[in-house]
2 protein chains.
Amino acid sequence: MKETAMPSSLASEAYEFVKQRILRGNFTMGQVISRRKIAAELGMSFLPVSEALLRLEFEGLLESRPRAGTRVRIPSPEDVRGHYIVREALEVQASMLFAAVATEEDRIELHALAARVDAMSATNQSLYLPAHEKLHRRIAEGARCPALSLAIEKTHALASTWFCVARPHSDESPPRRHSDLVDILVAGDPVKAAEAMREHVRRGMENTMKRLKPYFQIRKAYGKTFFRSEKRDKLRIILPSALN
Amino acid sequence: MKETAMPSSLASEAYEFVKQRILRGNFTMGQVISRRKIAAELGMSFLPVSEALLRLEFEGLLESRPRAGTRVRIPSPEDVRGHYIVREALEVQASMLFAAVATEEDRIELHALAARVDAMSATNQSLYLPAHEKLHRRIAEGARCPALSLAIEKTHALASTWFCVARPHSDESPPRRHSDLVDILVAGDPVKAAEAMREHVRRGMENTMKRLKPYFQIRKAYGKTFFRSEKRDKLRIILPSALN
DNA sequence: GACTCAGATCTGTCATATCATAAAATGAGA
DNA sequence: TCTCATTTTATGATATGACAGATCTGAGTC
């Protein structure tokens, strides 16, 4: 956890700070974030913090209401579906380009990454997510289109917040789920690559939908009000909540 | 040109104001925008204006450097290519979904829109762009995925700024360019729909590349400095500039 | 217990002021 | 006319404070 060199701007420092806390799960879904407290914690005014939160809101990690507060976004089923449809579009495009233009080094590295991801999906949970993201990032980079990589990276950041929660999965995902995908990508046929990636992303959506199901109810219970106190915890208990 | 109801926030008012001026070409590419002047013009502080410009920067319409200024973004060839690759990904996805799930009304309306667009591509230049955008928006809406529609809409806003400039086109685009596309979309075969849309977007990219070629040189001449005075106009003359 | 309602507290929005830096304007020297 | 260093002006970044509105708290009521 190092300061990313010289942020050169308090706003970007605050941005990284809050983003990391969300991605690590220190801020839980639905939790209200206080600009002033974070500003005090970082020793700055709350204006650069506001700019940072605004940016995170654009990226879909936060949601806010004018004078009520800002909280970590709680997704609705439509959010998840929409997210995965956009993501499918982008990743299919990336995998087609990868199959067509990736270098030999790209393809070799991808094989190694896929093997690592598949291995960790069964054993090491905490390292699985970063490895999985790296795999997809490499595919995007192999497509040789920075704009596409950037768009994909943004969608991944959003989805990451959904995985910092309970992981009841261990659903028998095939042991070579990612290796099989990569095998097709490196083979070099864009159409087959697209097909494989499309299937891959769709599986991901089904998985996420299952995991997030309890939280959909929480979203409904919260409604439009931004609870600042612990009332939210009470709601969590009241809910039908098969949270685990 | 109506105020969109009650903006409820000065920042969003400034956002709409600046965005419209960019899209209408009142702000030309590379022109530096002064937060303070706009704030004065709108009778507000420059803080809400800053928030608006920040948002437009996220959307790719503006670019800024820390204490130099904020200007309407001048695209590089890589920008255009990246934009169209992302756009291709999204629109192909939309057209596949449209072919699969659009209602009968959707398909009927699309036919009419396509005919209108093709008609105006030859005659009415000023109405062509809005009609063209509406056509693509309807396709996205027919896909029944708000998130996808939103993503596409954002990419269109960016591209629109590129068309407020010289239109040397009138390149013999086939008279039924959009009608042919729509014919395939409404037929209902997702694979063929995807194919047709992919081809359509690629044509669009080639077109845009041709139009923007002169501006690529301007971008190089500008470099990283944000000219606030008229020196920029001199540069424009100096350039090889077959601007018209 | 549940419900209401007035104050206290916190929130985001916005205005104003200061500061370091980038670009412009100026002017002396070739 | 050109170049280069200087000053001047303009810009974005940030701090601070005021304000309206949302949420919270707690006493009072049933």
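Computed from a predicted model, the values in this text were never measured in an experiment. In the text below, chain A, chain B and the rest are named by the order of the sequence lines, each starting its count at 1.
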| query | Name the one of B:Arg144, B:Arg137, B:Arg138 that satisfies salt bridge (charged side-chain N to carboxylate O under 4.0 Å, His left out) with B:Glu141? | reply | B:Arg138

| Parallel, tilted or perpendicular: rings of B:His132 and B:His200 (30°, 60°) | parallel

Rounded to whole Å, please give me the gap between [atom1] in [X] and [atom2] in [N].
{"X": "B:Phe46", "N": "C:dA15", "atom1": "CZ", "atom2": "C1'", "result": "9 Å"}
{"X": "B:Ile38", "N": "D:dG12", "atom1": "CD1", "atom2": "C1'", "result": "14 Å"}
{"X": "A:Glu57", "N": "C:dT11", "atom1": "CD", "atom2": "P", "result": "16 Å"}
{"X": "B:Leu53", "N": "C:dC14", "atom1": "CG", "atom2": "C1'", "result": "16 Å"}
{"X": "B:Glu63", "N": "D:dG12", "atom1": "CD", "atom2": "P", "result": "13 Å"}
{"X": "A:Arg55", "N": "C:dG12", "atom1": "CZ", "atom2": "C1'", "result": "20 Å"}
{"X": "B:Glu51", "N": "D:dT14", "atom1": "CD", "atom2": "C1'", "result": "16 Å"}
{"X": "B:Tyr15", "N": "C:dT13", "atom1": "OH", "atom2": "P", "result": "16 Å"}

| query | Taking the six-membered ring for Trp, are the ring centroids of B:His83 and B:His156 within less than 6.0 Å of each other? | reply | no

Less than 4.0 angstrom between a side-chain N/O of [X] and OP1 or OP2 of [N], yes or no?
{"X": "B:Ser45", "N": "C:dC14", "result": "no"}
{"X": "B:Ser9", "N": "C:dT13", "result": "no"}
{"X": "A:Ser50", "N": "C:dG12", "result": "no"}
{"X": "A:Ser34", "N": "C:dC10", "result": "no"}

Out of [options], which nucleotide sits closest to the side chain of [X]?
{"X": "B:Arg35", "options": "D:dA20, D:dA13, C:dT16", "answer": "D:dA13"}
{"X": "A:Arg67", "options": "D:dT14, D:dA20, C:dA22", "answer": "D:dA20"}
{"X": "A:Ala11", "options": "C:dG12, D:dT23, D:dT14", "answer": "D:dT14"}
{"X": "A:Pro48", "options": "C:dA24, D:dT14, D:dG17", "answer": "D:dT14"}
{"X": "A:Leu10", "options": "D:dT23, D:dT16, D:dA15", "answer": "D:dA15"}

| field | Position toward the 5' end of DNA chain D (nearest nucleotide), B:Lys37 or A:Gly43 | value | B:Lys37

| remark: By nearest-nucleotide position on DNA chain D, the 5'-leaning member of A:Met44 and A:Thr225 is A:Met44

Under 4.0 Å, counting only non-hydrogen atoms across every strand here, what does [X] touch: a base, just sugar-phosphate, or nothing?
{"X": "A:Ser64", "value": "nothing"}
{"X": "A:Ile33", "value": "sugar-phosphate"}
{"X": "A:Phe226", "value": "sugar-phosphate"}

| Ring-face cation contact, A:Phe46 with A:Arg35, 6.0 Å cut, 45° max | no

| task | Using only heavy-atom distances, decide whether a donor-acceptor pair under 3.5 angstrom links the side-chain of A:Arg228 to the base of D:dC24. | result | no

| said: At less than 3.5 Å, do the side-chain atoms of A:Arg65 and the base atoms of D:dG21 form a donor-acceptor pair? | reply: no

| field | Along DNA chain C (nearest heavy atom to each residue), the more 5'-positioned of B:Arg36 and B:Leu47 | value | B:Leu47

| task | Search all heavy atoms of A:Met29 against all heavy atoms of A:Ile74 and return the closest pair with its distance. | result | C-CG1, 4.1 Å

| said: Between A:Glu91 and A:Val201 (side chain of the first, backbone of the second, donor and acceptor by atom type, cut-off under 3.5 Å), is there such a pair? | reply: no

